[in-house]
Amino acid sequence: MTDLLSSAKTEPSKRGLTVPTGLAGLSLDAMASVSYGPEAIVLVLAVAGGAGLGLTVPVTLAIAALLAVLVASYRQVIAAFPDGGGAYAVAKAYLGRRTSLTAAASLIVDYVLNVAVSIAAGIAALTSAFPALHGYTVEICLAVLVGITALNLLGINESARAFMAPTAVFVAGIMLVIVAGLVRGTPAVTVAGAAAVPSDLQTVGVLLVLKAFSSGCAALTGVEAIANAVPSFRPPRVRRAQGAEVALGALLGVMLVGLAVLIEKFQVHPIEGTTVLSQLTSAALGDGIGYYIVQFATVVLLALAANTSYGGLPTLTRILADDNCLPHRFAVSSPRQVYRYGVVALGVSAGVLLIGANGEMNALVPLFAIGVFVGFTIAQAGMVRHWLRTRGPGWQWRLALNGFGAVLTFAAAIITAGMKFTEGAWLVVVVLPILVLAMERVRRAYHRIGESRRAVDDSRPGMPARPQPGAAALVVVPVSEVSELSCQALSAAMSIGRDVVAVHVCLDGGPAKAFTKAWEAWHPDVRLVLLEDSDATVGGPVARYVRETFPGRRKVVVIAELDPPGGWQRVLPSHRSQELEKQLRRQPGTVVCHLRVPVE
């Protein structure tokens with residue numbers, strides 16, 4: 001799922017990633033999908049009763065087979081693109097701009113969904129262990145989201161080594177659940193509760209199986225992350241990255257199939273307020289310390305999996321901004337080297353999803369797999385073009401492998417979109433083209449801006465004409481009262497030019513007799529113009545006066561504003577200066593100057 005995740009780590013540590021640290025740092029979302037992938041399958045098959053749940057293992061085996069194809073395909077991506085880059089870079093090189101933007105849009109959707117699904121799944125594991133918290137699911141989800149977003153805005157970045165401990169505990173816990181469950185003849189604890197599926201049973205059919213398959217494909221998220229992190233590995237990078245990819249596929253496949261076998265063995269079915277993984281852990285380990293260790297490890301790993309998107313999406317938006325496909329402010333970092341606009345956009349988007357889904361993991365999972373398979377398909381199709389161009393040693397079987405992978409992932413994308421369309425997948429189907437069109441529009445706008453700037457470069461030889469002096473600029477100073485602030489504003493204006501005009505807006509329709517009297521007593525030797533308050537604002541009348549009275553002439557508008565010492569006091573001054581700035585910045589030939597006067 002997390003294409004370009006490693007771009008946030010483009011400066012590898014002195015020693016680089018090994019296979020274990022690569023798994024811990026780049027595969028958290030893939031590992032975490034074990035907590036909601038099997039449940040998504042069971043939730044669909046349970047509507048057919050025992051006959052449906054009996055297909056859990058076959059459906060999981062089909063997903064594991066697709067996982068094997070993807071792992072083999074991405075091993076080829078690692079070898080062909082040792083500099084990383086992901087579906088966006090592959091499509092940009094071989095499939096054209098619009099296809100690359102489609103890949104980027106799918107990545108954006110996946111990053112946002114990864115945060116929402118990971119947090120919802122983590123809180124589901126928490127409320128399964130502590131049912132008293134179930135009524136506060138949305139509040140806890142949003143609190144965790146705010147905490148993760150705030151930490152990332154502060155620039156707190158965990159290294160891959162810091163992720164190793166919770167990843168190892170989670171994997172060891174899941175393996176222990178599988179082994180203990182296989183050894184047990186009967187469940188250690190049977191969880192009782194209301195069924196989470198309708199009581200009227202359906203018959204098993206092809207559509208039901210395809211729907212279960214499409215739901216379970218959410219467990220394949222994150223398979224491609226390692227293929228995009230090759231530069232972060234220790235030399236030999238390609239070999240180590242390929243080893244990590246194979247290890248991820250093996251671990252993920254064993255966990256998925258093992259849990260599926262336990263689901264059939266213990267006849268687990270969806271229960272309100274309790275996850276399938278929680279039921280399996282109780283059945284295998286009982287309700288003692290082992291159960292709580294696995295549940296807490298799941299919560300921690302899912303939180304860390306959500307955090308990986310905060311390294312990936314802001315970096316992706318920075319790349320898109322550099323390519324003129326997003327506003328350039330997404331490429332601006334804070335002093336802590338944080339792309340704040342990307343972090344905030346990710347947090348807000350994930351928050352909207354969590355609120356819309358009421359914090360329910362199973363309401364978000366159906367949205368997940370579509371964007372994932374769109375990215376998979378584009379990456380594999382790009383690799384097909386790559387092998388057709390390079391035709392290196394063994395290119396025929398490599399092309400066949402990537403082509404087969406592209407066909408499978410495209411079919412999975414179509415099946416997922418069709419089966420889950422009415423369950424919310426329509427949202428992703430609609431959002432993807434909207435994102436592509438929006439990025440295209442931003443790119444065209446930047447192209448027009450670039451043409452207007454007429455920058456000198458290799459494609460546009462020659463220098464611009466020398467600047468020509470024109471008539472002296474008119475200096476306009478909005479004043480609200482006779483005060484020291486107005487004095488400093490007029491002094492600054494008279495130092496800029498000789499033709500200075502002070503304008504005062506008569507708010508509330510009053511005649512401003514008091515202001516006029518004070519102005520005449522002050523006698524600053526500056527012409528005063530009184531403007532009527534026609535729309536209950538200051539900016540509107542001043543902007544109209546500047547535009548209509550002095551057409552074709554250059555204007556300088558000096559806006560004086562108090563500058564509080566800092567902190568919370570910055571919210572105290574009036575918003576009039578922002579209002580003026582908003583109205584004046586679109587005026588042609590107008591320069592807006594802000595004079596900040598510190599508060600003693």
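Since we're looking at a predicted model, the values are computed, not measured.
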I'd like a table of donor-acceptor pairs (distance under 3.5 Å, sequence neighbours excluded) in which one partner is a side-chain atom from residues 55-64, with atom names and distances.
unit_1	atom_1	unit_2	atom_2	d
Thr56	OG1	Leu53	O	2.7
Thr60	OG1	Thr56	O	2.7

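- Among residues two or more places apart in sequence or in another chain, the side chain to side chain donor-acceptor pair (under 3.5 Å) test is passed with Tyr341 by none.
- Residues Val169 and Ala297 approach most closely at CG1-CB, 3.7 Å, considering heavy atoms.
- Residues forming a side chain to side chain donor-acceptor pair (under 3.5 Å) with Ser215 (at least two apart in sequence, or on another chain): Lys420.
- Minimum heavy-atom separation, Tyr310 to Gly347: OH-CA, 3.6 Å.
- Counting heavy atoms from C-beta outward, Leu145 and Val115 have side chains that approach closer than 4.5 Å.
- By the 4.5 Å heavy-atom criterion applied to side chains, Ile226 and Tyr74 are not counted as neighbours.
- Heavy-atom minimum distance, Val299 versus Gly122: CG2-O, 3.3 Å.
- Evaluation of the side chain to side chain donor-acceptor pair (under 3.5 Å) rule for Asp322 yields Arg318 as partners, not counting sequence neighbours.
- Residues Asp323 and Lys92 form a side-chain contact, since some pair of their non-hydrogen atoms from C-beta on lies under 4.5 Å apart.
- The shortest side-chain heavy-atom distance between Ser349 and Val112 falls under the 4.5 Å cut-off.
- For Phe373, the ring pair (Phe, Tyr, Trp, His ring centres under 6.0 Å) partners are Phe376, not counting sequence neighbours.
- Looking at Leu66 and Phe213, their side chains come closer than 4.5 Å, going by heavy atoms from C-beta outward.
- Arg441 has its side chain out of reach of Leu437: every pair of non-hydrogen atoms, C-beta onward, lies at least 4.5 Å apart.
- Checked against ring pair (Phe, Tyr, Trp, His ring centres under 6.0 Å), His594 has no partners two or more places apart in sequence or in another chain.
- Each salt bridge (Lys or Arg N to Asp or Glu O under 4.0 Å) pair with one or both residues in residues 368-395, not counting sequence neighbours, would appear here, but there are none.
- Annotation: side-chain contact (heavy atoms from CB on, under 4.5 Å) contacts of Val144 (sequence neighbours excluded): Ile119, Ile123, Ile140, Ile148.
- No side-chain heavy atom of Val90 sits less than 4.5 Å from a side-chain heavy atom of Ile378.
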- Item | Worked verdict on Leu153 versus Arg340 for side-chain contact (heavy atoms from CB on, under 4.5 Å) | CA-CA 6 Å; Leu153 285 173; Arg340 290 175 294 188; 4.1 Å; yes

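- Partners of Ser106 according to the side chain to side chain donor-acceptor pair (under 3.5 Å) rule, which considers only residues two or more places apart in sequence or in another chain, do not exist here.
- The CG atom of Leu427 lies 10.0 Å from the CZ atom of Phe421; values are rounded to the nearest 0.5 Å.
- Atoms CD1 and CG, from Ile174 and Leu259 in turn, are 5.5 Å apart once rounded to the nearest 0.5 Å.
- Side-chain contact of Thr102 with Thr99: a donor-acceptor pair under 3.5 Å is absent, judged by distance alone.
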- Could you walk me through whether Thr317 and Leu346 pass the side-chain contact (heavy atoms from CB on, under 4.5 Å) check? CA-CA 10 Å; Thr317 55; Leu346 176 57; over 6 Å; no

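- Here salt bridge (Lys or Arg N to Asp or Glu O under 4.0 Å) pairs that include residues 97-109, with residues two or more places apart or in two chains, are Arg97-Glu440, Arg98-Glu440.
- Across Ala321 and Pro327, no two heavy atoms sit closer than the pair CB-O, 3.5 Å.
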- Take Val442 and Cys325, measure what side-chain contact (heavy atoms from CB on, under 4.5 Å) needs, and give me the verdict at the end. CA-CA 5 Å; Val442 170; Cys325 296; 5.7 Å; no

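- When Val109, Val436, Ile108 are each tested for a side chain to side chain contact (heavy atoms under 4.5 Å, CB included) with Val431, only one passes: Val109.
- A donor-acceptor pair under 3.5 Å is absent between the side-chain atoms of Arg443 and the main chain of Met439, judged by distance alone.
- Note that OG1 of Thr167 and CG of Leu251 are 10.5 Å apart. Values are rounded to the nearest 0.5 Å.
- The main-chain N or O of Thr18 is never found under 3.5 Å from a side-chain atom of Arg234 such that the two would form a donor-acceptor pair.
- Residues satisfying the side-chain contact (heavy atoms from CB on, under 4.5 Å) criterion with Ala381, sequence neighbours excluded, are Leu95.
- When Arg239, Arg240, Glu245, Arg237 are each tested for a side chain to side chain contact (heavy atoms under 4.5 Å, CB included) with Ile78, only one passes: Glu245.
- Taking every heavy atom of both residues into account, Leu252 and Ala219 meet most closely at CD2-O, 3.6 Å.
- Here the side chain of Tyr446 pairs a donor or acceptor atom with the backbone of His328 at under 3.5 angstrom.
- Using a 4.5 Å heavy-atom cutoff, the side chains of Leu23 and Leu28 are not in contact.
- The number of heavy-atom neighbours closer than 6.0 Å to CH2 of Trp395, taken from other residues, nucleotides and ligands shown, is above 12.
- The two atoms that bring Ala32 and Leu302 nearest to each other are CB-CD2, 3.4 Å, heavy atoms only.
- Atom CG in Leu304 sits 10.0 Å away from atom OG in Ser118 (nearest 0.5 Å).
- Using modelled atom types, one side-chain atom of Gln242 and one backbone atom of Arg75 make a donor-acceptor pair closer than 3.5 Å.
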Exercise answer: donor-acceptor pairs, residues 398-413 side-chain atoms, under 3.5 Å, sequence neighbours excluded:
unit_1	atom_1	unit_2	atom_2	d
Arg398	NE	Pro393	O	3.4
Arg398	NH1	Gln76	OE1	2.5
Asn402	OD1	Trp387	NE1	2.7
Asn402	ND2	Gln380	OE1	2.7
Thr409	OG1	Thr377	OG1	3.0
Thr409	OG1	Gly405	O	2.8
Thr409	OG1	Ala406	O	3.1

- Query: Does the side-chain contact (heavy atoms from CB on, under 4.5 Å) test come out yes or no for Leu354 and Val138, once each step is laid out?
  - Reply: CA-CA 7 Å; Leu354 286 169; Val138 177; 6.0 Å; no

